[in-house]
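Given the structure is predicted, the values throughout are model-derived calculations rather than measurements. Heavy-atom basis, side chains included; hydrogens, waters and symmetry copies ignored.
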Amino acid sequence: MRHLLASMALLAGVAVSAAHAQDTVGVSGSSVEYPVSREAKIGDKKYQVKLTGTAMRKRAIFNVYTIGSYVGKDFAGRSAEELAKADTIKQLHLVMERNVSGKDMAKAFHEAIRNNYPNEFAEELKKLTSIMDPQDADKGDVVWITHVPGYGIHVNLVGKTSEFIAGVKFAKAVWDIYLGPKNVGESVKKGLTSRLN
């Protein structure tokens, strides 16, 4: 309990800012650019994170959102599997390419997690969908999903809502949407790991 309370104290806020003017990586079909390194802040702790890759999430022929994947600068893994299971600071940065209803966004995340985990995470999924369902996402909106080491995830629909969901295993399930065996597309998986070395 003491560890949990200490963790919650750290989770008072999650913020992300670009460190300096620097190199960026684009996404084909979009004007969005992702810095190759950033500073992530959880509570009063600051972490340097590096870009592992970028991709475009599509549904049918439509661009839905760009996504950039970040992980702590000391991460030495080289595979999608290592990145997905790492209990370290890491982030998914989504930028909407079109308007999507909160209901559709929640449904898409729910189905994507259920593809890999058909019988787990009932409570966590209920909370995730309750965060997304009421909040329509407009073109240009930003979503940050931050893996908080030893705790779970922080979901930040920037300017709209921000919530924590406990569970390190559930955090992996979220990363498996993009990096797991039944992911949303091999091109997305390849893009998000293109800078691992």
Check: Do Val168 and Ile113 share a hydrophobic cluster (ILVMFWY, side-chain heavy atoms under 4.5 Å, transitive)?
Finding: no
Which of Thr66, Thr54, Thr24 passes side chain to side chain donor-acceptor pair (under 3.5 Å) with Glu33? It is Thr24
Would Ile153 and Val158 show up in the same hydrophobic cluster when neighbours are defined by side-chain heavy atoms closer than 4.5 Å? no
When rounded to the nearest 0.5 Å, the distance separating CZ of Arg59 from CG of Asp104 is 8.5 Å
key: Within 6.0 Å of NZ in Lys85, more than 12 heavy atoms from elsewhere   = no
Between the CD1 atom in Ile89 and the CD atom in Gln48, the distance rounded to the nearest 0.5 Å is 11.0 Å
Residues Gly53 and Ser194: closest non-hydrogen pair is CA-OG, 3.8 Å
### Query
Parallel under 30°, tilted from 30 to 60°, perpendicular over 60°: which one fits the rings of Tyr65 and Phe109?
parallel
* Carefully, step by step, assess Ile131 and Ile165 under the rule side chain to side chain contact (heavy atoms under 4.5 Å, CB included). => CA-CA 10 Å; Ile131 294 167; Ile165 303 175; 3.9 Å; yes
Could you check whether any side-chain N or O of Asp136 sits under 3.5 Å from a backbone N or O of Gly102, counting only pairs where one atom can act as donor and the other as acceptor?
yes
Item to complete: May I have the step-by-step check of side chain to side chain contact (heavy atoms under 4.5 Å, CB included) for Val188 and Asn183, ending in yes or no?
Response: CA-CA 8 Å; Val188 174; Asn183 55 66; 5.9 Å; no
**Prompt:** Donor-acceptor pair, Thr129 side chain versus Lys126 backbone, under 3.5 Å?
**Reply:** yes
Q. Between Glu111 and Ala108, is there a donor-acceptor pair closer than 3.5 Å when you use the side chain of the first and the backbone of the second?
A. no
- Task: Any chance you could lay out the side-chain hydrogen bond (donor to acceptor under 3.5 Å, both in side chains) test for Asn116 and Lys182, step after step, and finish with the verdict?
- Result: CA-CA 6 Å; Asn116 285 300; Lys182 296 181 180 178; over 6 Å; no
Criterion side chain to side chain contact (heavy atoms under 4.5 Å, CB included) on Val184 and Arg57, from CA distance to verdict
CA-CA 8 Å; Val184 294; Arg57 173 70 172 112; 3.7 Å; yes
Scanning both residues in full, the closest heavy-atom pair of Val49 with Ala40 reads CG1-CB, 4.2 Å
Does the Lys103 side chain pair with the main chain of Met132, one donor and one acceptor, at a distance under 3.5 Å? no
Apply side chain to side chain contact (heavy atoms under 4.5 Å, CB included) to the pair Ser69 and Leu83, showing each step before the final yes or no.
CA-CA 10 Å; Ser69 165; Leu83 179 58; 3.8 Å; yes
query = Does a side-chain N-to-carboxylate-O contact under 4.0 Å join Lys189 and Glu81?
reply = yes
*asked:* Do Tyr47 and Leu51 land in one hydrophobic cluster if side-chain heavy atoms of ILVMFWY residues count as linked below 4.5 Å?
replied: yes
Heavy-atom closest pair (Met56 atom, Ser28 atom, distance to 0.1 Å) is CE-O, 3.6 Å
Note: with side-chain heavy atoms under 4.5 Å as the link, the other cluster members for Ile61 come out as Phe62
Can you hop from Trp144 to Leu192 via hydrophobic side chains spaced under 4.5 Å? no
Next on the checklist: For a side-chain hydrogen bond (donor to acceptor under 3.5 Å, both in side chains) check, start with the C-alpha distance between His154 and Ser162, then their side-chain angles and the critical distance, and finish with the verdict.
Outcome noted: CA-CA 7 Å; His154 178 257; Ser162 173; 2.6 Å; yes
(Q) We want to know whether Gln91 and Thr146 form a side-chain donor-acceptor pair, criterion being a heavy-atom distance below 3.5 angstrom. (A) yes
Leu94, Leu179: one ILVMFWY side-chain cluster at the under-4.5 Å cut-off?
yes
Strictly distance-based, threshold 3.5 Å: is any side-chain N or O of Thr193 a donor or acceptor partner for the main-chain N or O of Leu196?
no
Output for pair (Trp175 CH2, Ile145 CD1), nearest 0.5 Å, gives 6.5 Å
- Message: Checking Lys172 against Asp87 for the salt bridge (charged side-chain N to carboxylate O under 4.0 Å, His left out) test, could you report, in this order, the C-alpha distance in whole Å, the side-chain angles of both residues, the deciding distance, and whether it holds?
- Response: CA-CA 8 Å; Lys172 180 183 182 300; Asp87 185 19; over 6 Å; no
In Glu82, His147, Lys90, Arg195, the residue satisfying side chain to side chain contact (heavy atoms under 4.5 Å, CB included) with Val71 is Lys90
Tyr70 vs His93 aromatic rings, parallel, tilted or perpendicular, using cut-offs 30° and 60°? tilted
Does Lys41 offer a backbone N or O that forms a donor-acceptor pair with the side chain of Lys45 under 3.5 Å?
no
Asn99 and Lys139 side chains, donor-acceptor separation under 3.5 Å: no
